[in-house]
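Everything below concerns the one structure shown next.
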2 protein chains.
Amino acid sequence: MQKKYLTIYHDLLNKIQANAWEETAMLPSENELSILYATSRETIRKALNLLAQNGYIQKVHGKGSVIINRNKFSFPVSGIVSFRELADKLDLSSKTYVENLVRLESGNSFEDTLEVDKGEPIWHVARVREMSGERIILDKDYFNENYIPLLSKEICEHSIYEYIETKLELVIGFAQKEIIVEEPTAEDRDLLDLEGFSNIVVIKSLVYLEDTRLFQYNESRHRPDKFRFVDFARRVKSGTPL
Amino acid sequence: MQKKYLTIYHDLLNKIQANAWEETAMLPSENELSILYATSRETIRKALNLLAQNGYIQKVHGKGSVIINRNKFSFPVSGIVSFRELADKLDLSSKTYVENLVRLESGNSFEDTLEVDKGEPIWHVARVREMSGERIILDKDYFNENYIPLLSKEICEHSIYEYIETKLELVIGFAQKEIIVEEPTAEDRDLLDLEGFSNIVVIKSLVYLEDTRLFQYNESRHRPDKFRFVDFARRVKSGTPL
DNA sequence: TTGCAAAACATGTATATACAAGTTATACTA
DNA sequence: TAGTATAACTTGTATATACATGTTTTGCAA
């Protein structure tokens, strides 16, 4: 990593998480930091703005940068994080079962959602996530074949995202997500341990590459008692000025 | 509004929403914009970064700023938006019933959550939101009395946030949120039209002022069939460099 | 015509300076 | 001593310049 403001960002983040500045809960001033890291104030400000965006600090005009206590709702699951990365982070004993892996040939109903031409093939994967012996999550993925030409059972069992990013060298940019609650389908009842729950939490995501190409539609279907979504939000000033 | 980059941000946002640049779905280049608005490129970049943060454009290195199509999941409900503002935006025929409004004196269980001293009073409001004739949402609010000294039935029926921001002139900064699914309580069953639903979606929020003071805890309890949460997320590069 | 190198153009990073605006500590005055 | 004005901090905004890096167009050469 050669970008100064990113290395400073990560260094500050590590120190925040290691509880340096515990007494004051304040970062050193921008001028102090620019001397500390031997760089300009603008570069420091870029690192600080990243910390603020991600909910680690709050900048207060005239005062300084206050460290935000994130122990309230523990850590955020926001952003785009794959199940594999999440399970690793939480150190959960988890298992993934590939229930279905097909190359949909044509006339399927996802051509519109994925914005591919009629007749273009689409990869479909259905996976069940097991945590502490219970089948909790059903993940249904649909990929544009132009970007993900090949999928194997092994890749799906490990981590599709790791495959996409390291092997295919595609860079994921952003996602539009929607969370709703539905009644379980026959498939949900068949594949998951629903234990009498009459609702299921569904996260639908459209995932785009860094160059704005749409490449994935995902439906993550969770048993309601195991679902949890943590978010950090800044107040949007609704008053459109001028 | 005197801040250049903010006026440019709002102007560009209006034009995006009015579908200027429809053919290319691209903004003019930073240099063109800096001439157009008679300002420096850095100021333009501040406005563009705001647009990118809020999910309106995606910047592509070497190419330009691509406008993100937000019609997929319609508009986002992310960020901190009050029910009043939301209902106004959606033009819903809605109604608010204040079911409870008390000044909790001491020994209540929310002293810890709101981080107030033992014995300090806390304002509590319970409100039911009705949409198209159905009682859908139960909003339970708890305010630190140091910041919100007085609440009336009229304020609660209209909009507490408008009161806080315009009358009390407090500036809301950010919130930590958690979304989970619970079984309905007796209170939920009593106050809402649950129609046999055996689950309820709960959004718990800790809301902070711009200077990081915690002033509100909120629980928004939704009937699952009427709940919907839309989000925009950027990929976090998990690989901690260096 | 095809292929490729170079130029032109796009955004990204780093630095410097100046001043505005909010907060806190200092020191002076009544 | 108490109050207040000032100075010394803090972050915020605006501008300019230089170069790095990625993309597209241009034009030359085979």
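Residue numbering restarts at 1 for every chain, and letters A, B, ... go by the order of the sequence lines. The basis for the numbers below is simple: all heavy atoms, side chains too, and nothing from hydrogens, waters or symmetry mates.
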*asked:* Under a plain distance cut-off of 3.5 Å, with no hydrogens placed, do Arg234(B) and Gln58(B) share a side-chain donor-acceptor pair?
replied: yes
*For Gln216(A), side-chain hydrogen bond (donor to acceptor under 3.5 Å, both in side chains) partners two or more places apart*: Asp141(A), Tyr161(A)
*Think Ser29(B) has a side-chain N or O under 4.0 angstrom from the OP1 or OP2 of dC9(C)?*
no
Output one line per pair: protein atom, nucleotide atom from nucleotides 21-24 of chain D, and distance, for all N/O pairs under 3.5 Å.
residue, atom, partner, partner atom, Å
dT21(D), O2, His61(B), NE2, 3.0
dG22(D), N2, Gly62(B), O, 3.4

_Qualifying residues under side-chain contact (heavy atoms from CB on, under 4.5 Å), relative to Gln17(A), sequence neighbours excluded_ = Leu13(A), Asn14(A), Tyr56(A)
*Where at least one partner belongs to residues 6-18 of chain B, residue pairs that pass salt bridge (charged side-chain N to carboxylate O under 4.0 Å, His left out), sequence neighbours excluded*: Asp11(B)-Lys15(B)
*What residues, two or more places apart in sequence or in another chain, satisfy side-chain hydrogen bond (donor to acceptor under 3.5 Å, both in side chains) together with Asn49(B)?*
none
*Can you tell me the distance, in whole Å, between the CD atom of Glu210(B) and the P atom of dA21(C)?*
16 Å
*When the ring centroid of Tyr208(B) is compared with that of Phe215(B), is the distance short of 6.0 Å?*
no
*Please report, rounded to the nearest Å, how far the P atom of dC9(D) is from the CD atom of Glu32(A).*
11 Å
*Between atom NZ in Lys59(A) and atom C1' in dT23(C), what is the gap in whole Å?*
15 Å
_Going by salt bridge (charged side-chain N to carboxylate O under 4.0 Å, His left out), name the pairs with one or both residues in residues 24-41 of chain A, residues two or more places apart or in two chains._
Glu30(A)-Arg41(A), Glu30(A)-Arg45(A), Glu30(A)-Lys59(A)
*Could you walk me through whether Thr96(B) and Arg129(B) pass the side-chain hydrogen bond (donor to acceptor under 3.5 Å, both in side chains) test, one step at a time?*
CA-CA 5 Å; Thr96(B) 298; Arg129(B) 318 293 200 168; 3.1 Å; yes
*Minimum-distance nucleotide (side-chain atoms of Tyr5(B) versus dA14(D), dT11(C), dT11(D))*: dA14(D)
What's touching nucleotides 5-7 of chain C from the protein side, N or O pairs under 3.5 Å?
none

*Aromatic contact, Tyr217(A) with Phe143(A) (centres under 6.0 Å)*: no
*Calculate the interatomic distance between Ile35(A) atom CD1 and dT15(C) atom P; express it in whole Å.*
14 Å
_Nearest-0.5 Å distance, CG of residue Leu33(B) to OG1 of residue Thr39(B)_ = 10.5 Å
_Results of side-chain hydrogen bond (donor to acceptor under 3.5 Å, both in side chains) for Arg103(B) - residues two or more places apart only_ = Glu105(B), Glu145(B)
_Involving DNA chain C, stems made of at least three consecutive Watson-Crick or G-U pairs, both distances under 3.5 Å_ = C:1-30 with D:1-30
*Does Lys167(B) have any salt bridge (charged side-chain N to carboxylate O under 4.0 Å, His left out) partners at least two apart in sequence or in another chain, and if so, which?*
none
*Nearest-Å distance, CG (Leu33(B)) to C1' (dT11(C))?*
12 Å
*Starting from P on dA10(C), measure out to CE on Met26(B) and report it in whole angstrom.*
10 Å
*Could you walk me through whether Glu219(A) and Val202(A) pass the side-chain contact (heavy atoms from CB on, under 4.5 Å) check?*
CA-CA 7 Å; Glu219(A) 256 186 48; Val202(A) 184; 4.1 Å; yes
*Taking DNA chain D as the partner, which of residues 41-50 of chain B come within under 4.0 angstrom of it by heavy atom?*
Glu42(B), Thr43(B), Lys46(B)
*What is the distance from NZ of Lys3(A) to C1' of dT11(C), rounded to the nearest Å?*
11 Å
*Find the distance Asn31(A):CG to dG12(D):P and express it as a whole number of Å.*
12 Å
*Which residues pass the side-chain hydrogen bond (donor to acceptor under 3.5 Å, both in side chains) test with Ser40(A), sequence neighbours left out?*
Thr43(A)
*To the side chain of Ser40(B), which of dT15(D), dT10(D), dT11(C) is closest?*
dT15(D)
*Ignoring backbone atoms, establish whether Lys4(A) has a side-chain N or O less than 4.0 Å from OP1 or OP2 of dT13(C).*
no
